[in-house]
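Structure, as structure tokens:
What's counted below: heavy atoms across the whole structure, side chains too, no hydrogens, waters or symmetry copies. Both counts, for ligands and for their atoms, begin at 1 and track the order of listing. Position 1 is the first residue of the sequence; numbering continues from there.
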Amino acid sequence: MPSQKSQTKIMLRTTVIASLLSVATAHQNFHQFWVDGVSPGYQVGIRMPLSNSPVTDVSSNDIVCNVNGTKVPSGVATVATKEGSEIKVQWDQSTHPGPITHMLYGPVDDASQATGIGAGWTKIDEQDYVDGKWANEIMSAVNMTHTFTLPNGLASGEYLLRSEMLALHAAQTLGGAQFYIGCAQLKITGTGSTNCSPKITLPGAYKASDSNIYIPNFYNGFNAQSYKAPGGAVATCAAGSGGSNPQPAPTSTAGPISTAAPQTTLTTKVSTTASSVPTSSPGGVALYGQCGGTGYSGETSCVSGAKCAKQNDYYSQCVPA
Ligand SMILES: *[C@@H]1O[C@H](CO)[C@@H](O)[C@H](O)[C@H]1NC(C)=O
Ligand SMILES: *[C@@H]1O[C@H](CO)[C@@H](O)[C@H](O)[C@H]1NC(C)=O
Ligand SMILES: [Cu+2]
């Protein structure tokens with residue numbers, strides 16, 4: 001798709017061509033949300049990206065919370081809500097076909113200090129292609145909104161809520177899929193100890209060649225009915241013994257383990273993270289590596305230019321100083 005600059009030039013030339021280009025210019029941002037019908041305001045509580053351009057490199061940190069969205073402190077307000085609350089998000093108008101998904105990261109002590117980089121994500125909501133319409137079309141019919149509820153039984157604490165609209169109109173090309181992402185900061189009051197699984201690591205969980213990201217036959221025989229958005233299944237949240245901490249800290253699952261499968265998944269993701277996030281180097285722990293937390297016995301000082309920031313009792317991470 002042409003850059004905004006070249007699109008502007010073309011539109012100045014003729015309004016006819018400009019209207020033909022309206023599909024191509026339909027970039028979008030997540031710009032407002034409501035909690036049980038009440039909104040904190042336009043762009044309030046959201047790490048607004050620098051532009052409305054998409055992220056296309058799924059291996060970059062930009063895939064977490066959009067360009068510069070991992071910068072902390074974020075300078076963004078954290079909005080109070082509770083488990084089970086109805087969340088309505090509103091995006092800019094979009095004619096790009098594709099799904100919308102929502103993920104939570106946390107709990108952390110201070111959402112404005114959470115980069116979101118790592119294994120602490122879980123998918124809590126997904127809409128793909130329903131009755132012949134992609135999520136963006138379904139949203140368009142309700143003023144570009146989408147509504148879902150927060151899981152019940154969440155541990156109290158602060159969270160990042162990641163809203164992602166994946167545009168597939170160029171997905172027939174490797175690297176062509178466009179990720180529109182916005183992260184909100186929530187303070188969730190919950191009843192305790194729900195452990196949602198599986199966990200998702202960002203960056204890391206998405207690969208450019210995944211069959212739901214690179215779709216060579218998107219305009220030629222592709223069956224949208226069976227499409228599922230990236231990130232795996234919507235999490236199953238079961239209250240109880242799994243522990244309340246979704247962070248990538250192996251020691252966090254202190255309680256008795258009642259279900260084998262979720263724990264297996266968690267363990268897998270933990271080791272994935274351990275290998276993909278550098279944890280130490282001669283001058284201290286690398287940026288975004290773990291530097292503390294209950295049961296952690298490794299290096300606790302960060303490389304120059306980074307400082308150790310507590311995310312919760314179980315996990316501290318090196319963030320830019
Ligand atoms: C965004 O991040 C880049 C790279 O870290 C940095 O150079 C730039 O100043 C940041 N922009 C803003 C507005 O923070
Ligand atoms: C659609 O959303 C905008 C922005 O929130 C709002 O100003 C407008 O009143 C809404 N329109 C309808 C029909 O609800
Ligand atoms: Cu666009």
Item to check | Which residue and heavy atom of the protein sit nearest atom 10 (C) of ligand 2, plus the separation | outcome: Asn143 ND2, 2.3 Å
Checklist entry - Does any pair with a residue in residues 32-41 pass salt bridge (charged side-chain N to carboxylate O under 4.0 Å, His left out), and if so which ones, sequence neighbours excluded? => result Asp36-Lys82
Checklist entry - Quick one: does atom 7 (O) of ligand 2 have a protein heavy atom under 4.0 Å from it? => result no
Checklist entry - Are any of the side-chain nitrogens in Lys88 or Glu86 under 4.0 Å away from the carboxylate oxygens of its partner? => result no
Item to check | Leu161 and its side chain to side chain contact (heavy atoms under 4.5 Å, CB included) partner, picked from Thr81, Asp125, Leu186, Val79 | outcome: Leu186
Item to check | Nearest protein heavy atom under 4.0 Å from atom 2 (O) of ligand 2, yes or no | outcome: yes
Checklist entry - Which pairs, with at least one residue in residues 306-321 and sequence neighbours excluded, count as a salt bridge (charged side-chain N to carboxylate O under 4.0 Å, His left out)? => result Asp109-Lys310, Lys310-Asp313
Next on the checklist: What do you get for the angle at the Cu ion (ligand 3) between ND1 on His27 and NE2 on His96, to the nearest 10 degrees?
Outcome noted: 160°
Checklist entry - Are any of the N or O atoms of Gln90 closer than 3.5 Å to those of ligand 2? => result yes
Next on the checklist: Counting only heavy atoms not in Asn217 (residues, nucleotides, ligands), do more than 12 fall under 6.0 Å from its CG?
Outcome noted: yes
